[in-house]
Structures are given as C-alpha cells and as structure tokens.
> 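Right, I'll just put the structure down here and ask away after.
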Amino acid sequence: MKTLIVVAGPTASGKTAFSIEIAKALGTVILSADSRQFYKEMRIGIAAPTMEELSQAKHYFVHHISIEDKYDVADYERDAMRLLDELFKTHDTVIMTGGSGLFIDAVCHGIDFMPDVWPEIRGKVQQLFEEGGLKALQDEVQHLDPGYFDIVDQQNPRRLQRALEVCYQTGQPFSAFRKGIAVERSFHIKKYALLWDRQALIKRIDKRVDMMIEQGLLEEAKALYPKRHLNALNTVGYKELFAYFEGQCTLKEAIAQIKTHTRQYAKRQMTWLRKNTAYQWVTLDEAQKVAVTLQPSIPQQQESH
RNA sequence: GGUACCGUAGCUCAGUAGGUAGAGCAGAGGACUGAAAAUCCUCGUGUCACUGGUUCGAUUCCGGUCGGUACCA
C-alpha cells in the first residue's frame with residue numbers, strides 16, 4: 001500500500017530542510033501544504049524553499065498560482081488528490097509538508113462538498129456585515145440556519161459570513177452540507193510534527209526574520225505594495241511592512257511586529273496540531289532517526305477523527 | 001540651582017471628588033470545513049517610586065527624598 005508521509009510543525013521548525021532530506025532518502029517528491037508558498041509572487045517573507053532546495057527534490061504546489069487567483073482549500077484538495085493519484089502510480093511514498101493545518105487535513109480526510117459561491121453573493125454578505133455589523137450576521141444566520149447558529153463561534157464574522165454565503169448561494173442551510181465525515185483515503189498516512197522548545201523556536205523565528213530583511217524583504221514587499229488589498233498579502237511579514245510604508249510605524253517597530261506575529265502564528269499552528277492526536281511529535285534529532293527507518297509499507301496510524 | 005509636570009500590571013497609559021485599581025499591547029490557553037501566515041474566544045493582586053504627616057482609613061490630600069522629562073537660569 002502507498003504511504004503519504006506528513007511533515008508538519010510550526011513555522012521555522014525546519015520542515016523544508018527535513019522534508020528534502022527524507023525525499024532524497026526515499027527517492028520521492030514533496031507536496032507543499034503551505035497556503036502562502038502557493039503564490040509565485042511571494043518568496044522571502046514566506047520562507048519559500050530556495051532555488052537550491054527546489055533543485056534537490058521535486059516540489060509541487062510551490063509558486064504554482066498567482067496572488068490574484070482565487071484558490072481555497074477545496075481547490076487544493078482537488079488538485080492534491082488528483083496529483084497523488086498520479087504520483088502513487090510510480091512512487092510508494094510521497095511526502096506532504098507545510099504549516100497550514102486545514103489544508104493538510106483536507107488531503108488526509110477530505111472536506112465536505114459545497115457549491116462555489118459567486119462573487120456577487122460574497123459581495124452581498126460583505127455589504128451586510130459592513131452596514132449591519134456582527135449583529136446583522138448573527139440575526140441572519142440564526143434565521144436561516146438555527147442549528148449552525150447554535151454551534152458556530154458567534155463572535156467570528158468570518159464563520160458567519162461563510163455560512164451565509166452558502167445559504168444564499170444554495171437556498172439551503174449551511175449545515176445541510178456540513179457532513180463532517182472523514183473520508184477513507186486509499187493510501188496510508190503517517191503524520192509527524194516537529195517539536196521545539198518554545199524559547200529555542202522563538203530564537204529561530206527572530207533570526208529568520210532578521211535574515212529575511214537582509215535578503216531583501218523590504219524590496220519584495222515594496223513591489224507588492226500596490227496589491228496590498230489582496231487576501232494573499234494579508235500575511236505576516238508583509239502587512240507590517242505595508243504599515244511602515246504608510247508611515248504608521250518605524251522600520252524597527254515593523255520588524256519587531258513581524259517577529260511577534262510570527263510567534264503568535266506558530267502558537268496557533270501548534271494548537272491546531274496538538275488536537276489531532278494522529279501526529280507523532282518529534283525533535284529534529286528524533287526525526288532524523290525515524291527517517292532512516294521509514295519504509296513504504298508502514299501500517300497506517302489511527303486517525304483521531 | 002529654580003519652576004512645572006510625571007513616577008500605577010512585562011510595555012504604553014487611564015483611574016480612584018480618600019474605602020488598596022483597569023484598558024490596549026505583550027504573554028498563556030483555546031476555537032476554527034472554501035479569506036486559514038486569515039479570523040475569533042477566554043485569562044489581569046500589581047510593595048499604585050520611597051518616606052513622614054493628616055485621617056477610622058491614603059495609591060488618591062500635604063511635606064520630604066530619590067528618579068525622569070520640560071522650561072527658566
């Protein structure tokens with residue numbers, strides 16, 4: 001049976017380098033599951049694999065779309081599953097690595113089908129929020145999908161907006177589409193998460209941010225500044241520099257903010273990974289040892305979902 | 001040297017017409033099925049600089065000390 005090896009972990013934990021190492025050892029390829037490395041216009045600020053790293057192992061889903069494109073988890077799941085079907089014809093093992101937990105989960109156990117939402121409908125929901133605030137969204141969801149209203153995070157406009165978009169688009173309650181049933185994949189999945197001591201990870205993050213600045217993050221961000229309203233650019237490392245360009249803070253403050261926000265992002269990633277008990281947490285040293293023993297026929301680990 | 005203002009949570013500050021205090025940020029924990037590096041939730045006892053005095057009671061009023069800032073010399 002085929003195996004997908006997932007290498008997850010917080011930002012700056014060394015996923016890229018480690019993945020390349022095992023990809024080389026197993027003679028296989030890497031699927032990126034990083035919602036920002038998808039974009040071809042972004043490099044330095046998202047710590048995308050370098051040219052040299054890309055040349056050491058074949059990577060998929062790195063710089064494959066534009067920040068102008070609409071691309072969501074469902075698109076990613078579809079593309080990744082299609083690709084895995086192909087890859088498993090010639091490979092026993094494939095590696096998936098990245099920090100976007102939702103995207104990894106979509107590939108590992110699927111995501112419910114829901115119809116696409118037209119831009120006009122999204123605009124209409126956005127308008128409702130802008131004019132009526134959170135209250136308007138809450139009232140509308142309570143009215144159109146009371147069952148979902150009971151379980152959503154009612155303070156989170158994003159969740160409410162999403163539900164309304166689907167309601168308006170389909171004329172059915174959002175919850176009618178939320179089956180929440182994990183699909184069985186036809187391949188084994190082995191999940192690893194890179195474990196770091198908090199202080200050590202913070203040091204790595206700070207160092208990496210300083211390096212990004214040295215490598216020209218300012219120039220990259222400056223070039224992207226005109227497109228700052230695109231969602232892809234609502235990203236740590238860019239939004240703080242945009243604020244600096246607009247005179248809202250000094251460069252020094254912007255850099256400090258990038259470090260802080262990156263730490264907070266790492267924390268959120270760990271929260272996400274921790275609740276999924278299928279992950280085996282390993283330090284980089286332990287990961288090296290595990291890599292040596294990896295065989296394509298490792299039995300599947302129990303999923304917690 | 002003189003005058004004025006300030007000294008309150010890790011940081012920036014608010015406040016108490018005298019009954020021991022609260023926001024933002026940071027930090028910690030968490031949520032999250034199509035914006036996910038996004039979005040959202042929960043968590044605040046700190047010699048209220050120090051020291052005398054007035055008072056039943058002072059972080060709050062008065063004096064002094066120390067530290068900081070500004071202006072005048």
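We name chains A, B, ... by the order of the sequence lines, and we start the count at 1 in each one. Just so you know, these numbers use all the heavy atoms, side chains as well, and skip hydrogens, waters and symmetry mates. All values reported here derive from a predicted model rather than from experimental measurement.
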> Do the side-chain N or O atoms of A/N156 get closer than 4.0 angstrom to the phosphate oxygens (OP1, OP2) of B/rA38?
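No, outside the criterion.
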
> Is the glycosidic torsion of B/rG64 within 90° of 0, making it syn, or is it anti?
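What B/rG64 shows is an anti base, its glycosidic angle lying more than 90° from 0.
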
> Touch check for A/T260, heavy atoms < 4.0 angstrom, all strands: base, sugar-phosphate only, or nothing?
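Contact class for A/T260: sugar-phosphate only.
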
> Mind checking if A/G45 touches a base, just sugar-phosphate, or nothing, with heavy atoms under 4.0 Å?
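Result for A/G45 = base.
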
> Specify the separation, in whole Å, of atom CG of A/L164 and atom P of B/rU39.
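Taking atom P of B/rU39 as the reference, CG of A/L164 is at 19 Å.
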
> For A/T11, which contact category applies under a 4.0 Å heavy-atom criterion: base, sugar-phosphate, or nothing?
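Here A/T11 touches no strand at all.
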
> Under 4.0 Å: is that the gap between some side-chain N or O of A/R198 and OP1 or OP2 of B/rA28?
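Answer is yes, contact under 4.0 Å.
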
> Taking any heavy-atom pair under 4.0 Å as a contact, classify A/D34: base, sugar-phosphate, or nothing.
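Here A/D34 touches the bases of the nucleic acid.
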
> Can A/Q138 and A/Q142 be said to form a side chain to side chain donor-acceptor pair (under 3.5 Å), step by step?
CA-CA 6 Å; A/Q138 291 169 335; A/Q142 185 162 33; over 6 Å; no

> About how many Å separate CZ of A/R78 and CZ of A/F113, when rounded to the nearest 0.5 Å?
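Answer for the CZ-CZ pair, A/F113 versus A/R78, is 11.5 Å.
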
> Looking at B/rG29, which nucleotide sits across from it as a Watson-Crick or G-U wobble partner, both distances under 3.5 angstrom, or is there none?
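Base partner found: B/rC41.
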
> Using a 4.0 Å heavy-atom cut-off across all strands, classify A/F174 as base, sugar-phosphate, or nothing.
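A/F174: backbone/sugar contact only, no base atoms under 4.0 Å.
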
> Please state whether the base of B/rG29 and the side chain of A/K267 form at least one donor-acceptor pair under 3.5 Å?
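Donor-acceptor pair under 3.5 Å: yes.
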
